[in-house]
Number of protein chains: 2
Amino acid sequence: MEPINIKQLAEKLNLSTSTVSRAFRGNSDINPKTKERILAMAKELNYQPNHLASNLREKKSRTIAVIVPEIANNFFSRAINGIERIARENGYHILIYLTNDDFQKEIDFIMSLQSGRVDGIVMSVTGEANDHSYMHKIRKRSLPIVFFDRIYEDVDNSKITTNDYESSYQATKHLIEQGCKKVAYLVVNKLLSIGKKRMQGYVDALKDAGIPFQDELVIDCTNRMDENKTLLKDVFTKIKPDGVFASVERLALASYYVCHDLGIEIGADLKVISFSSLEIARLLNPALSTILQPSYLMGEEAAKLLFRRINSPENNDVNEAIELKSELIFRKSTLG
Amino acid sequence: MEPINIKQLAEKLNLSTSTVSRAFRGNSDINPKTKERILAMAKELNYQPNHLASNLREKKSRTIAVIVPEIANNFFSRAINGIERIARENGYHILIYLTNDDFQKEIDFIMSLQSGRVDGIVMSVTGEANDHSYMHKIRKRSLPIVFFDRIYEDVDNSKITTNDYESSYQATKHLIEQGCKKVAYLVVNKLLSIGKKRMQGYVDALKDAGIPFQDELVIDCTNRMDENKTLLKDVFTKIKPDGVFASVERLALASYYVCHDLGIEIGADLKVISFSSLEIARLLNPALSTILQPSYLMGEEAAKLLFRRINSPENNDVNEAIELKSELIFRKSTLG
DNA sequence: TTGTAAGCGTTATCAG
DNA sequence: CTGATAACGCTTACAA
């Protein structure tokens, strides 16, 4: 049973395709009775207007792209959830692209999306350390893009971020107040905008507490769990920090694994706090203190921003930047 | 800077659109030199073939849809990850649809996808308790669909599942071997195929151990954490099971919350095992025994099955069913 | 090897 | 209110 097209449907009804088309569009004039007749027959024959054709004709795809580094990640999956809700509300479809932190992939995706497949892009970037001049090129085009969480600071664009500096400052301050003298900062790439901002909060909190900054306490990790474990095992046994501020969730988890293995008691021997969207932080052993980003809300806001753009292309050069607040939740891992 | 089209590009080059088109397609004959010239100019002018147009022409969308109940969920986000990898490998794009366990949404999505937007669908169903005759209607069409994990048993279709019965049997048996006399089965909807299969394993394990099945030990939960907590609080204080077999992750987590609040010691007072894709089960307090489904692999296999279909529509009526194995990992929550 | 022209399924414009 | 027609941007026989 192949899908039928508008022409066949029109024939069955002894009508022109234009009239049939009108029955499916809100605006145009059409006799209510004919419309009813058309819709009834359409239902019977299971007719559905072909989207490719109408999109081509209308030069709109009613689709947006979401580009993220990964999806098996509490923060991003929740953010996508928020994006999805708003997109659906607007009658839009969502294409997913995972860069796996591969900058070249990011470029390829964005480039290939310039071909009419989508009306806009929501993305969390991956190649902050690289040359992203390609972005500047793209930005001159009409395809609207909104960044969320991980952004390119040198690209003038709409964006949704959180108060990373402030929460990092507070988190570090909290560790110090809990008696930590030697706080390590765990980061995946300290050159990335997020890494930089979070690190600045850490640095300033140390300074304000009169604790000298030590370079060896900034631990540059990777995205691979096994590598991080090896690295941290070394750090925890040799440098022996008494506090850990993890800039991303996976580094806190790596710390947990290592401490479990090494018999280091988190909360007592080593206090840990981390950016994390882990719902069940409270159930960990011990309960993990977190800086909780409003991931779902960030997704929603990013999508809303994008649709504002899509729906009013006239002021496509006015960028909006929204900063949302993270929530600090202190648990046993720092209260020990 | 609006994107240019093939006609404009052809004009600049003093060529016909057909020749230009040929430069972008692998097959057709074309002078290597002209091809080079075209590609160079295309790059300079930033030309990209319009996908909507070529898809319309070719009657292919190079896009698949992934329909899942939710995305902020370890199992599904990982499965999507697997699907993504295979799809990308095949040069396909991925549209995401979240039903949020709303059966009507599922129907709407599937129906709307019949209009040429995608070449195939990978889905984990949601409305198992409902009448899914709409599916039978769809199945007569050419759009290939592959189910994974949650399936409709009465719909003849390709599918990827895991050995749910067996792992449930083993999990229950394990609890009994650990000394449990009163094992509760936690389920979201015992009428759903997954709930049924997993329950059967539970029932049979009890029987084989000579323990009489008790209806009150089958706890029908919901998808809402707060409701589940209330319900389980009641169960744990009144019925007082000494073992819990949770058919989905969120029910194990609800149990943890409740036990933490009630001061019930998991592992000692109450042993817990659960289907779960939680990477950090080991880090929970106490470490959670899990039945780990190969979520990523399931996604990959489901996608592979779909592409086999898409690429050879001739045997579109031969359904493949693949069963993968879950892994049981016993930890402190059952070893106490 | 390249060009011409028809057509993919819609919808907007314009005429009736 | 309805119908004819052109156009959206691309691909592919077929012709040259």
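The sequence lines fix the lettering, A, B, ..., with proteins before strands; numbering per chain opens at 1.
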Next item on the list: List in chain and number order the residues that pass side-chain contact (heavy atoms from CB on, under 4.5 Å) with A:Asn81, two or more places apart in sequence or in another chain; answer none if no residue qualifies.
Entry: A:Tyr296, B:Ile71, B:Ala72, B:Leu98

Next item on the list: Starting from C1' on C:dG9, measure out to CG on A:Asn55 and report it in whole angstrom.
Entry: 11 Å

Note to self: Measure CD1/B:Ile38 against P/D:dC10 and give the value in whole Å, please.
What the structure shows: 13 Å

Margin query: From CZ of A:Arg25 over to P of C:dG9, roughly how many Å is that when rounded to an integer?
Written below: 18 Å

Margin query: Checking A:Lys304 now: which residues fulfil salt bridge (charged side-chain N to carboxylate O under 4.0 Å, His left out) with it, not counting sequence neighbours?
Written below: A:Glu301

Margin query: Tell me every residue that passes side-chain contact (heavy atoms from CB on, under 4.5 Å) with A:Thr161, counting only those two or more places apart in sequence or in another chain.
Written below: A:Ile151, A:Glu323

Next item on the list: Measure from CZ on B:Arg62 to C1' on D:dC10 and round the result to the nearest Å.
Entry: 15 Å

Next item on the list: Please determine which of B:His93, B:Glu84, B:Arg88 meets the side chain to side chain donor-acceptor pair (under 3.5 Å) test together with A:Tyr97.
Entry: B:His93

Note to self: Can you build the contact string for nucleotides 2-9 of chain D? Use B for base contact, S for sugar-phosphate-only contact, and - for no protein heavy atom under 4.0 Å.
What the structure shows: BBB-BBBB

Note to self: Using the salt bridge (charged side-chain N to carboxylate O under 4.0 Å, His left out) criterion, which residues pair with A:Glu89? Sequence neighbours excluded.
What the structure shows: A:Arg85

Next item on the list: Please identify each residue that fulfils side-chain hydrogen bond (donor to acceptor under 3.5 Å, both in side chains) with A:Thr162, with sequence neighbours left out.
Entry: A:Asp164, A:Gln293

